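Below you'll find the structure, written out as structure tokens, and then a few comments.
Excluded from the calculations below are hydrogen atoms, water molecules and symmetry mates; all remaining heavy atoms, backbone and side chain alike, are included. Here the structure is a predicted model, which is why all the values come from computation and not from measurement.
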2 protein chains.
Amino acid sequence: MPPWETPPDQLPPVAAVQKLLRALADPVRLEMVRRLAAHPAAEAPCSDLYEGLNKSTATHHFKILVEAGILHPVMVGPSRGHRLRRTALQEAVPGLLDALTEALAREGR
Amino acid sequence: MPPWETPPDQLPPVAAVQKLLRALADPVRLEMVRRLAAHPAAEAPCSDLYEGLNKSTATHHFKILVEAGILHPVMVGPSRGHRLRRTALQEAVPGLLDALTEALAREGR
DNA sequence: CTCGAAGTACGATCCAGATCAAACTTACCA
DNA sequence: TGGTAAGTTTGATCTGGATCGTACTTCGAG
């Protein structure tokens, strides 16, 4: 979907709470976000963020996360990837991302 | 489902993050929780928490919220109702409920 | 004891969305 | 200039879960 890399100013706005929750409520997508959040750069190529999934299914999930304003599609080195929109999320729903990642960590994930 | 009122010690445990998100990701249920959170006593009869819904559909949603550990079925005055399990939730996923209610309030809801 | 109001249980329907396979696109590398 | 690796697109399928109507339960008021 990104011809090269989407300019940060024409990214979709972070969605409303309800849509955010919908996006995060899927186990596959939650895991994607968890891995990105764990990543130091909060940035990774697509294939690092899932396993045991058809590629087209992964694309489907990425699209939902991007449209919810959670991920930013970027180029990571040679291949495509995504960046977690930490500050935008923090602005939209302060504390949400932290609450989730901490709780997931405590669950042993 | 409650013969009279469920003893607090045999309530279902608060579910894992993923299941919590699933429970909250539905517009009807999110609104139910929002109204309860807004309520001073965090407690209300069923029918105060939704509108324009078939009663059996409402029961369905309540069941999901109870099984996720978000609500506690109780007697509110003469009729049945639910209480928001604030402290249990705060223990399980600190900050989540606050983050959501604040963001919803800022959305104008 | 019956009536009505408030929820619950059950069964049926219906649709969003999760999944996959296959074909196509792009970019990099030999 | 192929070839391969990584994603995307498209189209099809299938299932979880949201919804409703109807019947049943329970409680309080008369």
Rounded to whole Å, the NZ-P distance (A/K63 to D/dT10) equals 8 Å
Can you tell me if B/E43 uses its side chain to pair, donor with acceptor, with the backbone of B/L84 under 3.5 Å?
-> no
Going 5' to 3' through nucleotides 15-22 of chain C, assign each nucleotide B (protein heavy atom under 4.0 Å from a base atom), S (under 4.0 Å only from sugar-phosphate atoms) or - (no protein heavy atom that close).
-> ---SBBB-
Please check if any side-chain donor atom of B/H61 sits under 3.5 Å from a side-chain acceptor atom of B/R29, or the reverse.
-> yes
Distance, rounded to the nearest Å, where A/Q18 contributes CD and D/dA18 contributes P | 11 Å
Provide, to the nearest angstrom, the distance between the NE2 atom belonging to A/H82 and the C1' atom belonging to D/dG7.
-> 10 Å
Can any side-chain N or O of B/R86 pair as donor or acceptor with the backbone N or O of B/A37 at less than 3.5 Å?
-> yes
Shared ILVMFWY cluster between A/L24 and B/I64, side chains joined below 4.5 angstrom?
-> no
Tell me: CE of A/M75 to C1' of C/dT25, nearest whole Å?
-> 13 Å
Gap between atoms NZ and P, on B/K55 and D/dC24 respectively (whole Å) | 14 Å
Is any NZ, NE, NH1 or NH2 atom of the basic residue among B/E102 and B/R106 found under 4.0 Å from an Asp or Glu carboxylate oxygen of the other?
-> no
In short, B/A92 meets A/A103 closest at the heavy-atom pair O-CB, 4.1 Å
What integer distance in Å separates B/E51:CD from D/dT19:C1'?
-> 18 Å
Tell me: CG of B/L65 to C1' of D/dG17, nearest whole Å?
-> 14 Å
Whole angstrom is fine here: how far is it from CD in B/E31 over to C1' in D/dA18?
-> 17 Å
